[in-house]
2 protein chains.
Amino acid sequence: MPAISTRQQQILDFLHDYHTDRSYMPSIREIQLACSISSTSVVDYNLRLLERDGFIRRSPDISRAIELVCESEPDLVEVARVPILGAIAAGEPIPVPEASAYADEDRDSLALPPELTPRDPNNLYALRVKGYSMIDAFVTDGDIVVLRHTRDARNGDMVAAWLPMQEEATLKHFYLEGDHVRLMPANPDMEPIIVPADNVQVHGKVVAVMRRVAA
Amino acid sequence: MPAISTRQQQILDFLHDYHTDRSYMPSIREIQLACSISSTSVVDYNLRLLERDGFIRRSPDISRAIELVCESEPDLVEVARVPILGAIAAGEPIPVPEASAYADEDRDSLALPPELTPRDPNNLYALRVKGYSMIDAFVTDGDIVVLRHTRDARNGDMVAAWLPMQEEATLKHFYLEGDHVRLMPANPDMEPIIVPADNVQVHGKVVAVMRRVAA
DNA sequence: CGTTCGGGCGAACGTGCGTTCTAAATCCTA
DNA sequence: TAGGATTTAGAACGCACGTTCGCCCGAACG
């Protein structure tokens, strides 16, 4: 709302730039130098105005204690980064998450928004869905499913399961009942699959699904 | 890889916490106080080790110039913020996005990860899905759909449509054919709906779907 | 036993850096 | 064009804060 003086805009820009490569703020004298101001008092004067108008916050008597409050605009959010390990399809084995994948930064990864991030953001990985075989879990071709790597599931968990005999990968709700496993589709209109417990490999539990719809 | 001493972990934690509410770093003496260390030299000693092991970076002779390099883990990503306007269910009208909603910051909003963000992040809003009536679009109860507000859709777009006569909201692919509209379910197993063109109100086109699966 | 070494103390030193005061230059508005 | 408000100058002042140096203590080691 208040007008932005040329000087103040210049200072604001410098603050932003400086803060991006170092992660701390410049001193008054550094601002003075960068903005070609001939006195520290002028810097202080303008900083005072910037604070009054709500662009920055300052803590008195503390070095480099300038906080950019306006810069919350281009929204920065803390997100969890999740590696995309590959694809999941009905007829292909589910890729096994290797420990190396988590450290590997140069492979595909996905930014998980806070709304989708579980309490514990560890051991997560993502898979692209290929084909239309996961329809009963409301998942379709092109979707991305986010999984937490785990070998044992608890009843009711939605899991990514590999059925060796059928050579099939699927997403279902997991229920262990004695020596067999019941796999319940998420879609109530569809029938459960019941298989011997030793014919199920649980690769992880589903924590989120993301889909981008073509424009 | 290097062992983390108790002291050093304590300091690291304090650095992180301090940096979250102020956005600058503590001074050596503040670390000393917070971690109950009786000398600044001990703080400096441990900071030196932390820097050697790559946990932090320091700029000599500059106040509070500590950078957390390990803390790049909780990845900061620029995301688009999208207001959540309400719910969409089969029998209820679709909430109309008001201009005010975009400016309104204190209502619910959603952080859209870059992978789901369209080229143009304007006029977006989100709706919670209630009930199981959108199953044919692979959308189920509890999902969040992200829409771009638009009144006219092009053929093939996935749209949120309100059918006044049926009093029904639905997500379908939109095809205008002469004076009637064909609404194709995303699920190929289901039948299209064909209605007169004046019995369709398009409220927006779907750009993304997000689902959090209960643990 | 003396030595080395990781870790902790405490104090002093010197400079980085915010602050303040006076005065001048510039810009408005009447 | 006078005179107030805004902005700029320059220079001290003084605390904040990083740095350094000598010393102590217990464990490991020969």
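Lettering of chains follows the sequences in order, A, B, ..., and the numbering in each one begins at 1. Everything numeric in this text was worked out from a predicted model, so none of it was measured. Computed from heavy atoms alone, side chains included, the values below leave out hydrogens, waters and symmetry copies.
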Nearest whole Å is fine: how far is [N] [atom2] from [X] [atom1]?
| X | N | atom1 | atom2 | answer |
| --- | --- | --- | --- | --- |
| Tyr45(A) | dC27(C) | OH | C1' | 11 Å |
| Gln10(B) | dG8(C) | CD | C1' | 14 Å |
| Tyr24(A) | dG18(C) | OH | P | 13 Å |
| Leu33(A) | dC17(C) | CG | P | 12 Å |
| Arg7(A) | dT26(C) | CZ | P | 13 Å |
| Arg29(A) | dT20(C) | CZ | P | 14 Å |
| Ile37(B) | dG7(C) | CD1 | C1' | 11 Å |
| Ile62(B) | dG18(C) | CD1 | C1' | 16 Å |

Side chain of [X] only, heavy atoms from C-beta on: which candidate in [options] is closest?
| X | options | answer |
| --- | --- | --- |
| Ser41(A) | dG7(C), dG16(C), dC21(C) | dC21(C) |
| Val42(B) | dA11(C), dG8(C), dT20(C) | dG8(C) |
| Ser39(B) | dC17(C), dG18(C), dG10(C) | dG10(C) |

N/O donor-acceptor pair under 3.5 Å between [X] side chain and [Y] backbone:
| X | Y | answer |
| --- | --- | --- |
| His19(B) | Met25(B) | no |
| Arg64(A) | Ile62(B) | no |
| Asn199(A) | Leu163(A) | no |
| Asp179(A) | Ala197(A) | no |
| His173(A) | Gly156(A) | yes |

### Message
Out of the candidates Leu127(A), Asp136(A), Val209(A), Val206(A), only one should pair with Leu171(A) under the side-chain contact (heavy atoms from CB on, under 4.5 Å) rule; please name it.
### Response
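Testing each of Leu127(A), Asp136(A), Val209(A), Val206(A) against Leu171(A), the sole residue satisfying side-chain contact (heavy atoms from CB on, under 4.5 Å) is Val206(A).
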### Query
Hey, does the side chain of Arg58(A) come within less than 4.0 Å of dT19(C)'s phosphate (OP1/OP2), counting only N and O?
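So the side chain of Arg58(A) is within the cut-off, an N or O lying under 4.0 Å from OP1 or OP2 of dT19(C).
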### Query
For dG6(C), does OP1 or OP2 lie under 4.0 Å from any side-chain N or O of Asn46(B)?
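False: Asn46(B) side-chain N/O out of range (4.0 Å or more) of dG6(C) OP1/OP2.
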### Query
For the atom pair CD (Gln10(A)) and CD1 (Ile37(A)), what is the distance rounded to the nearest 0.5 Å?
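CD1 of Ile37(A) is found 6.5 Å from CD of Gln10(A).
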### Task
Hey, which sits more toward the 5' end of DNA chain D by its nearest nucleotide, Asp44(B) or Arg64(B)?
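Going by which nucleotide is closer to the 5' end, it is Arg64(B).
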### Task
Describe the nucleic acid contact of Leu49(A) in one word from base, sugar-phosphate, nothing, applying a heavy-atom distance below 4.0 Å.
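Here Leu49(A) touches the backbone only, sparing every base.
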### Query
NA contact type, Asp61(A), heavy-atom cut-off 4.0 Å: base, sugar-phosphate, or nothing?
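Asp61(A): backbone/sugar contact only, no base atoms under 4.0 Å.
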### Message
Please identify the 5'-most and 3'-most nucleotides of DNA chain D with any atom under 4.0 angstrom from a heavy atom of chain A.
### Response
dT6(D) to dC17(D)
